[in-house]
Amino acid sequence: GWETVSLALNKTLVPTSLNLSEYFKQFVFPQHECELHDFRLSFSQLKWDNWIVAPHRYNPRYCKGECPRAVGYRYGSPVHTMVQNIIHEKLDSSVPRPSCVPAKYSPLSVLTIEPDGSIAYKEYEDMIATQCTCR
Amino acid sequence: SQASRGETQIAAGAELKSKAEPWSLLRPLDERDRSDFLSPVFRVLYDGQGGTPRLQPDSRALRYMKRLYKTYATKEGIPKSNRSPFYNTVRLFTSCAQRKRAPGDQATGSVPSVDLLFNLDRVTAVENLLKSVLLYTFSNSISFPSAVKCVCNLVIKEPEFSSRIPSRAQSSFNFNLQFEIKKKYRWFEVDVTTPLRPLVASNKRSIHMSVNLTCERGQGQDSSAWDKPFNVTLLVPPSLLLYLNDTSAQAYHGWYSLRYKRRPSQRADQNGGLSVCSKGKGSAEGVRSSRHRR
């Protein structure tokens, strides 16, 4: 019945600017919503494999995507994020929308050859993003 | 507080060793500034070189550390929860100078005493020593019929250049060390934490020691039980292994997250009913799961 509805609307002189599909778009969740993405790299690509012995592959992951307007429950965002959204939309578009950033990380163990030839096993905090949020 | 403590210690370390803050890119990093893995990363990002030329490590030592890595971390580099959460750094040093002093004695199984010099420049001021061992390996895999009992005599010396310190300053430690050598055993450790702790804590940059290891037949072993004497010449001069806890903010403190992570059972207990199950059923389940586990 989509055609009939749109024909009816045309007859009733709905302003051409108001296009239903456009209108609904603002409520649909963004196609490229804020979420975690993989980025697998090997230290040989960076030419660091002469001193980083392990791991061979490292996936630090990253956050990318748009922050939906209703960010509250899904991203654990503080109320401030909603406020920033409203400011951007209603008051001043130079204030940026909330950004999609990592919220949680996991550590990484590395085995390296030190300049003096000694070998070090070290565990570093916050080396792999595990969860995204909108801030 | 963790970060600030780490930073104060790093700052303290900086006065001690005039090392730069690993994060400060405001001035070019030079040789002395590399304090750990991350600052070389920044150095590479900063000056775009693929890292400075490095001395190649001993192949046996590299093989040991690769095995240690596989024990402690997954293939993706995630630390496993089964390792000790108290140290987040393990450093292996190969002696930069070895000199055999007294020849070994095949009959009594005494290993030729060796002079060893370890350069600990890479140990940073924020790394606290938890355990240190001398790591012995055999030049090729040999097997013994049973346990071997050894006595280790360790003499820690002042570095050569401080010759003005009288020899009495040398501290000697005798260890009665018992270890079990099984078939195809390639490594064994001599725990030297006690004598080394004060040296590492005082930021000693090099440790000079002589080690004498004497191994004898297992008690009550008649000579026929040994198809060949404890062949001491197969022992390779030991490496020094330091288990450290890096207290800086960027190091991973697994014990910290263990201590502050509530266990599900605690949560069930707090909900009361959930964790209570009928005695019989619970015990049956317990037995079944333990049998299953066995």
Side-chain angles (χ1 to χ4, degrees), chain A residues 35-64 73 75-76 78 99-133 135, chain B residues 2 31 34 36-38 40-41 44 49-58 61-62 64-66 68-70 72-80 83 85 87-94 96 118-123 127 239-244 246 248-254 256-257:
Chain A
E35 61 184 354
L36 206 54
H37 295 264
D38 284 329
F39 187 86
R40 288 183 176 76
L41 66 90
S42 68
F43 289 115
S44 54
Q45 287 171 279
L46 296 169
K47 295 186 177 43
W48 291 356
D49 51 333
N50 61 328
W51 58 289
I52 299 180
V53 178
H56 298 301
R57 288 176 305 284
Y58 168 39
N59 179 7
R61 293 197 172 130
Y62 65 96
C63 294
K64 180 183 174 186
Y73 62 94
Y75 289 97
S99 308
C100 173
V101 293
K104 282 186 184 168
Y105 299 91
S106 72
L108 180 75
S109 298
V110 291
L111 190 63
T112 58
I113 297 175
E114 304 282 62
D116 63 351
S118 64
I119 307 169
Y121 165 88
K122 284 192 83 75
E123 295 172 354
Y124 285 99
E125 196 74 272
D126 303 341
M127 292 288 279
I128 300 174
T130 56
Q131 192 176 332
C132 298
T133 183
R135 287 279 191 272
Chain B
Q2 183 75 23
E31 285 300 310
R34 278 170 306 178
D36 61 7
F37 166 69
L38 288 184
V41 169
V44 168
Q49 290 159 20
T52 51
R54 297 161 184 266
L55 298 176
Q56 280 313 305
D58 173 73
L62 192 53
Y64 180 87
M65 289 301 275
K66 284 180 178 174
L68 180 136
Y69 185 86
K70 284 179 186 156
Y72 289 170
T74 64
K75 208 177 267 185
E76 289 70 34
I78 310 291
K80 292 179 184 173
R83 84 212 181 298
Y87 45 76
N88 50 26
T89 299
V90 182
R91 289 185 181 278
L92 186 144
F93 297 94
T94 307
C96 35
F118 294 105
N119 170 9
L120 304 190
D121 230 0
R122 304 302 303 168
V123 181
E127 290 174 351
S239 304
L240 179 64
L241 207 53
L242 302 183
Y243 293 86
L244 305 145
D246 183 334
S248 64
Q250 72 259 21
Y252 175 54
H253 302 288
Y256 188 80
S257 52

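Naming: A, B, ... by sequence-line order, numbering from 1 per chain.
A 6.0 Å sphere centred on NZ of K104(A) holds no more than 12 heavy atoms belonging to other residues, nucleotides or ligands. The number of heavy-atom neighbours closer than 6.0 Å to OH of Y62(A), taken from other residues, nucleotides and ligands shown, is above 12.
Minimum heavy-atom separation, E123(A) to P79(B): OE2-CB, 4.0 Å. When all heavy atoms of L108(A) and E76(B) are compared, the closest pair comes out as CD1-O, 3.5 Å. Nearest heavy-atom pair across E114(A) and R91(B) is OE2-NH1, 2.7 Å.
The distance from atom OH of Y124(A) to atom OG1 of T89(B), rounded to the nearest 0.5 Å, is 7.0 Å. Going from atom CD1 of I113(A) over to atom CG of L92(B) covers 11.5 Å, rounded to the nearest 0.5 Å. Taking CG from D116(A) and CZ from F93(B), the interatomic distance works out to 6.5 Å, rounded to the nearest 0.5 Å. Of the inter-residue distances, the one linking Y105(A) atom OH with Y252(B) atom OH reads 16.0 Å to the nearest 0.5 angstrom.
In this structure, chain A has a heavy atom under 4.5 Å from the side chain of L68(B), while its backbone stays farther away. Heavy atoms closer than 4.5 Å to chain A are found nowhere in Y64(B), neither backbone nor side chain.
When side chains are defined from C-beta on, K66(B) counts as touching V53(A), because their heavy atoms get closer than 4.5 Å. For the pair K122(A) and E127(B), the minimum side-chain heavy-atom distance is below 4.5 Å. Counting only heavy atoms from C-beta outward, the side chains of P115(A) and R122(B) approach each other to under 4.5 Å.
Heavy-atom pairs under 4.5 Å with chain B were tallied for N59(A), L111(A), I119(A); the largest tally goes to I119(A).
A side-chain donor-acceptor contact under 3.5 Å links Y69(B) to the backbone of S109(A).
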For this session: Assess whether side-chain contact (heavy atoms from CB on, under 4.5 Å) is satisfied between H56(A) and K75(B), documenting all intermediate values.
Result: CA-CA 8 Å; H56(A) 298 301; K75(B) 208 177 267 185; over 6 Å; no
